[in-house]
Amino acid sequence: MSTDNKDATGTDAADIDEFGYKPSLVRSLGSFHTFAAGISYISILTGTFQLFYFGLGSGGPAYWWSWPLVFVGQLMVALCFCELAARFPVAGSIYNWTKRLTSPHTAWLAGWTMLTASIVSIAAVALALQATLPELWDGFQFIPDPTGEDTTAQALNGVVLATVLILFTTAINAFGTQLMARINSAGVFIELIAAVLLIILLAINIVRGPQIVFDTGGVDTSGRPFGYAGAFLVAMFASLYVMYGFDTASSLAEESHEPRKNAPKAILRALFFSFLLGGLILLFALMSAPDLSDPAFSSLGGLQNLILAVLGPLGGSVILVAVVIAVIVCALAVHAAAIRLAFAMSRDNNLPAGSKLCTISPRFGTPIVSSVVIGALAIILLLVTFSPQIYTVVTSIAIIMIYTAYLLVTVPLLIKRLRGEWEPREGAFSLGRWGIPVNILAVLWGGFMTINLAWPRNEVYNASEPFHWYLQWGGVLLPGIILGAGFAYYWTVQRHKTGVVAEHARADVPTDTPTQEA
């Protein structure tokens, strides 16, 4: 980010002008940078390695089918986002898109939901280090765990490692967009190479055929509603956690060259390559595992243990190093996306201390206050929610919030389409006559998965003793509290202060009145 935007074209400036802003961010990111931002947020190696154990343990090898199913559902959402990215290429995509689709109040809720989800996601992603670093070297287990089965020690150690990573991402994001983009792009390049290498190595070591994906692994379905289908819906969490965040490419629009052209391409490429490479990794992992009934593969660090078993200590360690790099750049990308969203909302004075949060450092060209505040909140979240069950709880809450935020975009967009009020940008990405059916599928998919994610299940939110009803209902209560308390504050306090902050306002736009359309 920068206060100098001399590189912006007249069309680029007009895109920002439409929202009542003057250009204040430098356009220094190319097409690969935007693609890298999207794919590093999705992060093939981070997501597949973090929750493989959960998918395998909950649904057996047949959980693999959730991968293509989630891809198809998320593709419907991504296609809608491509139209929006081409029509409104501005920072804080989710928030600013919704401003043009519906009321400013719904737009605020969409932005707040996505912002809090991003902060939770930073914490969830950072926790992935616990599943990998101690496997590389037991010295990374700072909290003593002599038996290797002390879940409390592992969870606390995960918080320590995650805190260190968040401090790193805070510093990098505060010190400049170019530094962040270089690290992110280099990390994505390594991750893609490692993913292809892992696919080849696993394929060389297969011991069973692809029919393994039809094996339910003897999952106990007794007393479960819908039988194996109920177990499969739980196992889907492992895939649902990976394939989101593709909208990050569009959130960097004000810092990208030709965002109307590059952002839609970056969104689709990030989703497609993640689906292809991730699906092959999971398939060949299931085909090459020595014994899929080994409890080490269905416990925390399951895919890491499987890779070490198949490739041996040396080959496995090389891949795990790449996984650590993937986790780092994923956390970096999520943090960067959260900063852009906080910047976009605070630029409209729609967050507490908005004028501070959107202030750009003249030295580093970044909103340092936003970087630090978001990092601090993610660390506080880790400390407050610390428990042996922190991994599945935090990741589940993150997914619920993201899917809710996406619904707050796709539903208003569908209403616009049905009223005949939606007009894609001429000459840019457009779904044409497929717009309504694709949008309907996106809404149905998002609604069904949000219900599935939030459904009160002990195995997700309260998997071990002590059992409490409020933990079991955590997927409903925690998002409800976050959204309810946030919107109550907005309605009673913040909405009366809304208006473009003076330093970012177009010269002819008053800064003491709201700029959003009612």
Side-chain angles (χ1 to χ4, degrees), residues 11-12 15-16 18-19 27 29-42 70-102 107 110 114 242-276 333 337 340-341 344 402-403 405-418 421-446 449:
T11 304
D12 293 332
D15 291 331
I16 311 305
E18 180 181 351
F19 284 81
R27 295 188 183 275
L29 304 182
S31 58
F32 184 78
H33 291 123
T34 54
F35 163 73
I39 204 167
S40 60
Y41 196 125
I42 298 174
V70 170
F71 167 72
V72 173
Q74 290 297 77
L75 178 60
M76 300 300 103
V77 178
L79 288 170
C80 293
F81 283 8
C82 286
E83 273 196 336
L84 288 163
R87 179 66 184 85
F88 305 119
V90 291
S93 49
I94 295 289
Y95 165 71
N96 274 317
W97 292 344
T98 314
K99 275 169 58 177
R100 284 296 179 267
L101 295 173
T102 184
M114 192 68 184
V242 184
M243 280 187 273
Y244 68 83
F246 38 80
D247 55 290
T248 304
S250 58
S251 195
L252 296 171
E254 288 185 47
E255 299 158 83
S256 306
H257 297 297
E258 299 186 282
R260 295 168 304 286
K261 175 182 176 182
N262 290 329
K265 291 181 180 179
I267 289 172
L268 294 179
R269 287 171 180 168
L271 186 60
F272 174 76
F273 279 104
S274 298
F275 160 70
L276 178 64
R340 272 69 189 171
L341 185 52
I402 291 287
Y403 274 68
Y406 285 0
L407 274 175
L408 289 170
V409 176
T410 55
V411 171
L413 178 59
L414 178 58
I415 294 173
K416 281 276 190 182
R417 291 187 195 276
L418 294 176
E421 298 173 356
W422 171 246
E423 295 182 5
R425 179 180 290 274
E426 185 177 353
F429 184 95
S430 173
L431 293 173
R433 63 179 181 176
W434 292 99
I436 290 179
V438 166
N439 206 155
I440 290 174
L441 289 174
V443 170
L444 292 176
W445 163 258
M449 284 302 106

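Because the structure is a prediction, the values reported are computed rather than measured.
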Flag yes if more than 12 heavy atoms outside E426 fall under 6.0 Å of its CD atom; otherwise flag no.
-> no
Nearest-0.5 Å distance that lies between atom CG in L407 and atom CD1 in I402 | 12.0 Å
Minimum side-chain heavy-atom gap Y403-Q74 below 4.5 Å | yes
Here the gap from R100 atom CZ to K416 atom NZ, rounded to the nearest 0.5 Å, amounts to 9.5 Å
Can you list the steps and then say if F88 with K99 is a side chain to side chain contact (heavy atoms under 4.5 Å, CB included)?
-> CA-CA 10 Å; F88 305 119; K99 275 169 58 177; over 6 Å; no
Between L75 and F272, is any pair of side-chain heavy atoms under 4.5 Å apart?
-> no
From L413 CG over to I436 CD1, what is the distance, rounded to the nearest 0.5 angstrom?
-> 10.0 Å
Shortest non-hydrogen pair, L431 vs V438, comes out as CD1-CG1, 3.9 Å
Sequence neighbours excluded, which residues qualify as ring pair (Phe, Tyr, Trp, His ring centres under 6.0 Å) partners of F71?
-> F275
For Y41 and A333 the tightest heavy-atom approach is N-CB, 3.9 Å
Any chance you could measure L441, atom CG, to C80, atom SG, to the nearest 0.5 Å?
-> 9.0 Å
Heavy-atom pair with the smallest gap, counting every atom of P424 and R87 | C-CD, 4.3 Å
Determine the minimum heavy-atom distance between V242 and I42, stating which atoms define it.
-> O-CG2, 3.2 Å
Rounded to the nearest 0.5 Å, how far does CG of L444 lie from CG of N439?
-> 10.0 Å
Looking only at non-hydrogen atoms, find the nearest pair between A85 and I267 and report the distance.
-> CB-CD1, 4.1 Å
When every non-hydrogen atom of R425 is compared with those of P89, the smallest separation belongs to NH2-CD, 4.2 Å
Does some side-chain heavy atom of M76 sit less than 4.5 Å from a side-chain heavy atom of W445?
-> no
Could you tell me the separation between the OG atom of S93 and the CZ atom of F81, rounded to the nearest 0.5 Å?
-> 7.5 Å
Evaluate the ring planes of F246 and Y406, with Trp represented by its six-membered ring, and classify them as parallel (under 30°), tilted (30 to 60°) or perpendicular (over 60°).
-> tilted
E423: partners by salt bridge (charged side-chain N to carboxylate O under 4.0 Å, His left out), with sequence neighbours left out = none
Determine, stepwise, if the pair L84 / W97 fulfils side chain to side chain contact (heavy atoms under 4.5 Å, CB included).
-> CA-CA 7 Å; L84 288 163; W97 292 344; 3.6 Å; yes
Any residue meeting salt bridge (charged side-chain N to carboxylate O under 4.0 Å, His left out) with K265, in chain and number order, not counting sequence neighbours = none
